[in-house]
Visitor: 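Below you will find the structure I want to go over with you.
All chains are named by letter (A, B, ...) in the order of the sequence lines, taking the proteins before the strands, and each is independently numbered beginning at 1.
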There are 2 protein chains.
Amino acid sequence: MGDEKRRLAAVAVELPEGVTPPGTAGRILHAGLQLFSEYGFHGASIRDIAVAAGINSATLYAHYPSKEHILAALVRLGHEELHGRLQRALVSAGDGPGATAATGATAQLAALVRAHVTAHAEYPLLAVVANSELHALSAELAAPAVALREQSTRLLLAVLHKGMETGEFAVDDAFLAAAAIAGMGLRVAHWFGPHQPYRRDEVADEFAAFALRLVGVAAEKPATRRRSRR
Amino acid sequence: MGDEKRRLAAVAVELPEGVTPPGTAGRILHAGLQLFSEYGFHGASIRDIAVAAGINSATLYAHYPSKEHILAALVRLGHEELHGRLQRALVSAGDGPGATAATGATAQLAALVRAHVTAHAEYPLLAVVANSELHALSAELAAPAVALREQSTRLLLAVLHKGMETGEFAVDDAFLAAAAIAGMGLRVAHWFGPHQPYRRDEVADEFAAFALRLVGVAAEKPATRRRSRR
DNA sequence: GTCTATATCTTGATAGAC
DNA sequence: GTCTATCAAGATATAGAC
């Protein structure tokens, strides 16, 4: 699955639009994103980040009070972006015109997984930093992200429980199903990239179909299935 | 899913039996396992490791030529353990008395996933180090693990392709299915622990069932299903 | 094999001029 | 806001006695 030596595939260093601070602060964030995702928090130095941002290392402290705060900003940003997408996906799926009591959870789970996978395929570096470097933060600086993560988990569990109650899903254990579904989506950030023969929405659709099968929902269009690509 | 701040749950620091060097070299390896898994390679210092191993930092160099070599030993060990388990699982499933052309791939996929999940639940620290700290190694020291990882991936892909050919599996794309199945198993190392109300084999069985559903194999015993625990 | 002591370098962060 | 210069602490690794 790609270059197995690196933490993730060669991807453009991108942050969600609208939320990145302008000017130097934003360039520092981009530099941190790139270096933290590749070398980890402790593996990237203040000077490395400064060089990548095109500034002197001392200038950095005019924008962030410490190296840790750069990471905290990225981790928070990543968790906010994901949680916002999950929430919007849920709302859209729940309010859809075709939603009934018998298909609500199915559509919501598909929307949730699609959003989850899309986010990880769209911002792989941010996802890796938010997931794999959270532990480098102090409890205080990690708190906002931890809270968001718990809420995101709750969204998934709620949909699973709902589907189990309506009978849409045949699942023994909601937690284990959530862990499996979340795990397969999280990992996308590590292998997805422009070198793959897939578009983001192809992966998202396929993984949503995987999730539905996983919870016991039969495939909706068995005839439409494409041939294998790999 | 556990303490979301840390990289993994509170688990005993264990290495596979028989492969750990005796004496001080082994204690260094255990110390490295604990500290690398919690703080990452660059987040744990030589002195930290020495203290955890109960020796002076200089003594360490009588056993390993560099800090990087400690990590390399752990990463290699982790990949060898996993690959060995996958191979043995495949052989057992393939040679089983009930194996036929129509069920071979199904049994093999279940065995593969069970072994994968069991390994990650049995040695979570080792799995986290082997997976998440591989990038900190030079290309040379990472090479053995990278090679093993490619072989493990091939095992899974081969089973998927076989099941697609025999008609056991209804899968569009073997690579995406492999990525999903591998991802859900890899993540187990991050949340499994003694605080969870599951035994290792319960998780392994459930995840194997998830994988079979994911590739389109209908549940074998729908009546035997237990009630949800969470 | 294990220690004390130390060399050498890099780290995160600060002081102060412009 | 950005720089030069620098501090104090920490890093990896080595030398040499026992």
Side-chain angles (χ1 to χ4, degrees), chain A residues 20-76 129 132-142, chain B residues 7 15 20-76 129 132-142:
Chain A
T20 312
T24 304
R27 295 216 313 284
I28 292 172
L29 227 48
H30 271 88
L33 176 63
Q34 174 167 35
L35 293 167
F36 290 157
S37 66
E38 183 157 2
Y39 304 109
F41 177 68
H42 295 290
S45 77
I46 282 287
R47 286 170 181 75
D48 295 334
I49 298 171
V51 167
I55 56 170
N56 188 282
S57 67
T59 304
L60 210 146
Y61 291 89
H63 300 272
Y64 297 92
S66 76
K67 178 186 167 186
E68 194 185 354
H69 281 79
I70 304 175
L71 174 61
L74 288 168
V75 169
R76 176 168 197 162
V129 169
S132 304
E133 300 301 326
L134 174 63
H135 73 280
L137 291 176
S138 68
E140 278 140 358
L141 285 180
Chain B
R7 289 176 98 185
L15 283 168
T20 312
T24 303
R27 295 217 313 283
I28 292 172
L29 227 49
H30 271 88
L33 176 62
Q34 174 166 34
L35 293 167
F36 290 158
S37 67
E38 183 157 3
Y39 304 110
F41 177 69
H42 295 290
S45 77
I46 282 287
R47 287 175 184 51
D48 295 334
I49 298 170
V51 167
I55 55 169
N56 188 280
S57 66
T59 305
L60 209 145
Y61 291 90
H63 300 273
Y64 296 93
S66 78
K67 178 185 167 187
E68 195 185 353
H69 281 79
I70 303 174
L71 174 62
L74 288 167
V75 168
R76 177 168 195 161
V129 168
S132 305
E133 301 301 327
L134 174 64
H135 73 280
L137 292 177
S138 68
E140 278 141 357
L141 286 180

Visitor: Using a cut-off of 4.0 Å between protein heavy atoms and nucleotide atoms, how would you tag nucleotides 1-14 of chain C 5' to 3' with B, S and -?
Guide: SBBB------BBBB

Visitor: Search all heavy atoms of A:Ala52 against all heavy atoms of A:Leu35 and return the closest pair with its distance.
Guide: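 Reported closest heavy-atom pair: CB-CD1, 4.0 Å.
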
Visitor: Are any of the side-chain heavy atoms of B:Leu60 and B:Ile70 separated by less than 4.5 Å?
Guide: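 A side-chain contact under 4.5 Å exists here.
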
Visitor: Do A:Lys67 and A:Phe36 touch side chain to side chain, with heavy atoms closer than 4.5 Å?
Guide: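 Side-chain contact under 4.5 Å: yes.
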
Visitor: Given B:Leu71, which partner from the list B:Val129, B:Leu134, B:Leu141, B:Leu33 fulfils the side chain to side chain contact (heavy atoms under 4.5 Å, CB included) test?
Guide: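 Among B:Val129, B:Leu134, B:Leu141, B:Leu33, the one that satisfies the side chain to side chain contact (heavy atoms under 4.5 Å, CB included) with B:Leu71 is B:Val129.
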
Visitor: With the threshold set at 4.0 Å, does a side-chain nitrogen-carboxylate oxygen contact exist between B:Glu133 and B:Arg7?
Guide: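 Yes, this pair counts.
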
